K.L.:
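For reference, the structure I am asking about is given below.
Given the structure is predicted, the values throughout are model-derived calculations rather than measurements. Atom set for the values below is all heavy atoms of this structure, side chains included, hydrogens, waters and symmetry mates excluded.
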Amino acid sequence: MRGVRAAIFRQEPKIESDPQNSLAASKQKMNPEISLWAFQGEYLEEALSLMNDVMSSIDKQIHGRLFLIGIKISNDDNLPSVIIVPRNEYCEGVIPDDLPLLDAIKLTHQRSTFLIPSKDEQDRLLRWTLITNTTYGIIEYINNCEATEKWKSFYSELVPVNDYAVMVVIQIDRKSHDGRIPHLRKQIKGKWFGWPRSIVDSAANEVIKVCQSKLSKHEPGIDFDPWEDGRSVLRRAASTFMATPAAVGGQPMSFYWLFDCCNAISALPYEGQSSYGRILVARRDHPKIVVTVALENPVRFNDYRAARKLLEISSDNCWLLCDALEIFGIGYLKNDYDSDSEEVYEIQFVKFFTWHLKHKDQPLMIVENGDPGIPRDKFNRQGFQLLLASVFHDIVPGDTEELLKIIDAASSQKHGTMLVVSSMASEESKRLSKQSTLIRPKILSKEEVSRVTSIDGALMLEPNGTCHSIGVILDGVASDEGNPARGARYNSAIRYVSTYSKTKPCVVVVVSEDGMIDYFP
């Protein structure tokens, strides 16, 4: 693929053997987007894959799109002034193609002047300034355009590629963002820029940076550097998001270590006990913070063992007090704290290697085993019903009521369990009879579900809830979609779905020990 992509970037338009034919003449005949091939193929696929990987790791219900805007910087009149890649139904009508409108946008911005001795340098910088101002105008246009008002947009800086200056744009569906993603009401402002309001905002910005960096290569696409793993990008986004509590504590540069510090402290036991405790992050002189015990020698937050020992002092009504750099005391937050000010944050250590960033009891981010995410419902009932309708096309909503009752009953199983919903439940039960226990088909009661899920293996169910076998050990071929960080039950579900879902419509439900419910595909 890398070699193919390199060939694409090197491709030149064919020139006829006619001696009167010139490169300029050939450009008039060629597709005007020939010079835009740098934005197509594997680059765009990998950019989209990275965005989807990062966003789905936060929440599977986040819907986003990614495209590139190119503004012509060459003097070739045969090329369009503005291009969008990919040009599809998402982008049509969003960006104006006519140059007069772009000129009008340019006029709304001040042109910069440069005291550069060289005329060539003056021309180059003035041209780039004009392009930059045009970009600001296009961002303005996108943000105010009726076609994009349902999207929250993130933009890269301009990157010169061939005949165009290119900007990467990521848009997140505003309904899924504002409705599902915990976020701050306002943005904490730094000296030069604002800190992210949510983990999704931070993640989108990190993906943009990766995409921009790839475009910044001498010849994008010819390099052989692999794209970053989505997990590492998301962890970096979480680290950047921690700049928000660090900034309100008066230590904005502490965000470089705050995320790693919390991970390290959460992984340290104390006298055999997992980390549990609470830390308030605020500036030392905050009027709503009451210091009951002040430390004569504050403890640096990156002194993990000392911080972990102090954590034992905290309780439901007593917090360690920290400015994101040092733990300076013990105290609490007054009841009349104005949550709209968003000036005090809590880091809550829940269990081994698990902690939450919260504001006024609202979790903004949860981190488990070093991986950031957001709080989610134990079971997304609406999403599950939509999935059932897409997999089993002849199903109607009323048919799933018994199935949903069985899932609710299974969610109370202390050791977790698994359910397979298949349109071929009878046939699959017989095929797997050597590694399951067949029963006479019936809809199980709540008490019966509790009993039969106490043994290893899955329940094999029809979409209407009729059970055909219990204790089913699933088979299937190993899949790249597995996750070694998750248990055998989770990966068994992934393996079964990836092997059989195309030929045997099915949905697998995995109930974790903590009652959380995942479903596949």
Side-chain angles (χ1 to χ4, degrees), residues 1-2 4-13 27 30-55 63-99 101-102 105 128 131-132 134-143 145 147-148 151-173 204-205 207-223 225 227-228:
M1 282 297 291
R2 305 284 179 188
V4 171
R5 184 169 62 167
I8 287 176
F9 277 87
R10 293 191 181 101
Q11 182 163 347
E12 296 290 342
K27 282 191 174 184
M30 63 182 255
N31 182 339
E33 295 194 1
I34 190 72
S35 67
L36 312 182
W37 285 32
F39 313 142
Q40 301 186 36
E42 190 178 347
Y43 173 85
L44 200 57
E45 287 181 11
E46 300 227 31
L48 286 167
S49 177
L50 177 63
M51 182 195 72
N52 290 331
D53 185 21
V54 170
M55 293 303 167
H63 304 294
R65 63 196 192 193
L66 180 149
F67 57 94
L68 302 105
I69 300 173
I71 302 169
K72 187 175 69 174
I73 55 177
S74 73
N75 296 320
D76 190 340
D77 294 334
N78 296 302
L79 296 175
S81 300
V82 178
I83 55 94
I84 304 168
V85 179
R87 178 170 288 281
N88 53 37
E89 68 275 10
Y90 295 130
C91 306
E92 291 292 345
V94 174
I95 309 298
D97 292 311
D98 53 314
L99 189 58
L101 179 53
L102 289 178
I105 293 174
W128 188 253
I131 292 166
T132 303
T134 301
T135 302
Y136 292 149
I138 288 178
I139 291 175
E140 241 177 64
Y141 187 92
I142 293 176
N143 289 338
C145 181
T148 58
W151 299 89
K152 182 177 177 64
S153 301
F154 303 84
Y155 311 93
S156 76
E157 297 177 2
L158 282 168
V159 178
V161 182
N162 294 345
D163 296 312
Y164 287 84
V166 183
M167 176 172 60
V168 184
V169 181
I170 287 179
Q171 292 186 323
I172 304 297
D173 176 64
N205 286 327
V207 173
I208 284 283
K209 289 178 185 177
V210 174
C211 294
Q212 178 179 321
S213 174
K214 286 292 180 180
L215 278 180
S216 299
K217 301 295 183 181
H218 178 62
E219 290 187 76
I222 295 180
D223 66 281
D225 293 337
W227 282 68
E228 279 195 78

K.L.:
Check whether any side-chain heavy atom of L68 lies under 4.5 Å from a side-chain heavy atom of L44, and answer yes or no.
P.N.:
yes
K.L.:
With a 4.5 Å cut-off on side-chain heavy atoms, are I170 and C211 touching?
P.N.:
no
K.L.:
Looking only at heavy atoms, which two atoms of Q171 and S153 are closest? And how far apart?
P.N.:
NE2-OG, 2.9 Å
K.L.:
How far apart are the closest heavy atoms of L158 and A165, and which atoms are they?
P.N.:
CD2-CB, 3.8 Å
K.L.:
Minimum heavy-atom separation for V161 to L215, with atom names?
P.N.:
CG2-O, 3.9 Å
K.L.:
Rounded at 0.5 Å granularity, tell me how far OH in Y155 sits from CG in N205.
P.N.:
12.0 Å
K.L.:
Quick check: closest heavy atoms across V210 and E228, and the distance to 0.1 Å?
P.N.:
CG2-OE2, 3.5 Å
K.L.:
Using every non-hydrogen atom in the two residues, find where M51 and L66 come nearest and quote the distance to one decimal.
P.N.:
SD-CB, 4.0 Å
K.L.:
Distance check, rounded to the nearest 0.5 Å: N52 atom CG versus R65 atom CZ?
P.N.:
13.5 Å
K.L.:
Does the side chain of W151 come within less than 4.5 Å of I172's, by heavy atoms?
P.N.:
no
K.L.:
Would you say Q212's side chain and E157's backbone share a donor-acceptor pair under 3.5 angstrom?
P.N.:
yes
